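All values below come from the heavy atoms of this structure, side chains included, with hydrogens, waters and symmetry mates left out. In what follows, chains carry the letters A, B, and so on, assigned in the order in which the sequence lines appear, proteins first and then strands, with residues in each chain numbered from 1. The model shown is predicted, which means the values in this text are computed figures rather than measured ones.
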Number of protein chains: 2
Amino acid sequence: MSIPSPLPDPLVELVAERFRVLSEPARIKLLDALRAGPASVGELAARAGLSQQNASKHLGVLHSAGLLERARTGNTAQYAIADPSVFTLCELVCDALRDRYSALQAVIPPPQAPIGR
Amino acid sequence: MSIPSPLPDPLVELVAERFRVLSEPARIKLLDALRAGPASVGELAARAGLSQQNASKHLGVLHSAGLLERARTGNTAQYAIADPSVFTLCELVCDALRDRYSALQAVIPPPQAPIGR
DNA sequence: CCTACTTACAACTGCTTGGTTGTACAGCTG
DNA sequence: CAGCTGTACAACCAAGCAGTTGTAAGTAGG
């Protein structure tokens, strides 16, 4: 374990910030869209079902967070994954969610889909 | 890869929600405090440097998210980690952050600590 | 029974931020 | 040069949430 026991405050902030960047459905969709490979803003917006402005905004957030790389080629901007660990994070969460809900499904007489906040 | 390619919307929501729960420094501190083992609200509040009400509130959030287990014994409430995967998540983020900042340190003539938003 | 203690909840405030709208800027094309 | 396309930025509105304050409920102890 290379992590100090009382997490220093600055590290706590950075970790929370990283999670905050990933806490938005639109950004998860964009990252998901990037699983198919690098693409332009318009292409990603289409894949994720977002407006061009909204996609650009969220891509900017992901880029400033260091999760994406940007490459401008002529008139278009190519975004690509800069930190592949985000996929590992998402997979871990998906596994945990699957475990949780399968556990729930084993307990509840399920009347309907468990989705609904 | 057991994860569908265009992530279904409900799953996207759940993943984002999980990250949102982890996107708060106070909650990261509480989880960090729980690395030393289960403890009462007051104890955790002290460890994390939070007020009792604030700690209770955030512990409630973590509990509703399924990350913590609650056990009331007499007058006190014992909270414990229910989903150890959160630690894996935090370690992954810490590693990624370390990589990122070491990469930055290799580029920048570092005048000072790179922490500072 | 009365007091002290621990936990949880409700109300309030201020800040942050997501999505939209409008627009500016840069590059390609004819 | 003019028009079109792709991208980014700024301003606005509305919703959500963190932290505080106050307090209620439940338990243990004298």
Side-chain angles (χ1 to χ4, degrees), chain A residues 9 12-34 37-80 82 116-117, chain B residues 9 12-34 38-80 82 117:
Chain A
D9 267 28
V12 169
E13 301 281 343
L14 287 174
V15 171
E17 172 67 15
R18 171 64 56 107
F19 283 130
R20 194 188 62 76
V21 170
L22 297 174
S23 72
E24 181 59 29
R27 293 196 275 268
I28 299 291
K29 286 185 187 176
L30 286 170
L31 289 172
D32 180 38
L34 277 165
S40 67
V41 175
E43 171 66 21
L44 292 172
R47 288 189 199 167
L50 303 174
S51 71
Q52 178 270 318
Q53 289 92 333
N54 202 8
S56 174
K57 199 171 180 177
H58 286 297
L59 288 170
V61 172
L62 292 166
H63 179 249
S64 333
L67 299 182
L68 297 188
E69 287 174 354
R70 187 192 312 180
R72 315 209 54 162
T73 68
N75 203 15
T76 70
Q78 289 280 320
Y79 281 95
R117 36 133 26 155
Chain B
D9 267 29
V12 169
E13 300 281 342
L14 287 174
V15 171
E17 173 68 14
R18 171 64 57 106
F19 283 130
R20 196 190 61 77
V21 170
L22 297 175
S23 72
E24 183 61 29
R27 294 197 274 267
I28 298 292
K29 285 185 188 177
L30 286 169
L31 290 173
D32 180 39
L34 277 165
S40 68
V41 175
E43 171 66 21
L44 292 173
R47 287 187 199 168
L50 303 174
S51 72
Q52 178 271 321
Q53 288 92 332
N54 202 9
S56 175
K57 198 172 182 176
H58 287 297
L59 288 170
V61 172
L62 291 166
H63 178 249
S64 334
L67 300 182
L68 298 188
E69 284 174 357
R70 186 192 310 180
R72 315 208 54 162
T73 67
N75 202 15
T76 70
Q78 290 278 322
Y79 280 95
R117 37 125 35 143

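- Of the candidates C:dT20, D:dT7, D:dG22, D:dT7 carries the atom nearest the A:R72 side chain, counting heavy atoms from C-beta on.
- To the nearest angstrom, P of C:dT6 lies 11 Å from CD of B:E43.
- For B:E24, taking side-chain heavy atoms from C-beta onward, the closest of the listed nucleotides D:dT7, C:dG19, D:dG19 is D:dG19.
- With hydrogens and angles ignored, no donor-acceptor pair closer than 3.5 Å exists between the side chain of B:N54 and the base of D:dG19.
- Side-chain contact between A:E13 and B:I28 is absent, with no heavy-atom pair separated by less than 4.5 Å.
- You'll find that the side chain of A:S40 is closest to D:dT7, out of D:dA18, C:dG19, D:dT7.
- Each of B:V61 and A:G42 was assigned the nucleotide of DNA chain D with the nearest heavy atom; the assignment lying further toward the 5' end belongs to A:G42.
- A donor N or O paired with an acceptor N or O is found under 3.5 Å between the base of C:dA8 and the side-chain atoms of B:Q52.
- When rounded to the nearest whole Å, the span between NE2 of A:H63 and P of D:dC9 equals 11 Å.
- Between A:D32 and A:R47 there is no salt bridge, since no side-chain N of the basic residue sits under 4.0 Å from a carboxylate O of the acidic one.
- Of the candidate nucleotides D:dA8, D:dG19, C:dG18, D:dG19 has the atom nearest to the side chain of B:A26.
- Among the protein residues, A:Q53 comes within range of the nucleic acid bases, having at least one heavy atom under 4.0 Å from a base atom.
- Note on A:T76: only backbone sugar-phosphate atoms sit closer than 4.0 angstrom, heavy atoms only; bases stay farther off.
- A heavy-atom distance below 4.5 Å is found between the side chains of B:V21 and B:L62.
- In this structure the side chain of A:L22 reaches within 4.5 angstrom of the side chain of A:L31, judged on heavy atoms.
- Side-chain atoms of B:N75 and base atoms of C:dC5 include a donor and an acceptor less than 3.5 Å apart.
- Whole-Å rounding puts the B:L22 CG to D:dA18 P distance at 12 Å.
- The distance from atom CG of A:L30 to atom P of D:dA8 is 12 Å, rounded to the nearest whole Å.
- By the 4.5 Å heavy-atom criterion applied to side chains, A:L68 and A:L30 are not counted as neighbours.
- Between B:Q78 and A:S51, it is B:Q78 whose nearest contact on DNA chain C lies nearer the 5' terminus.
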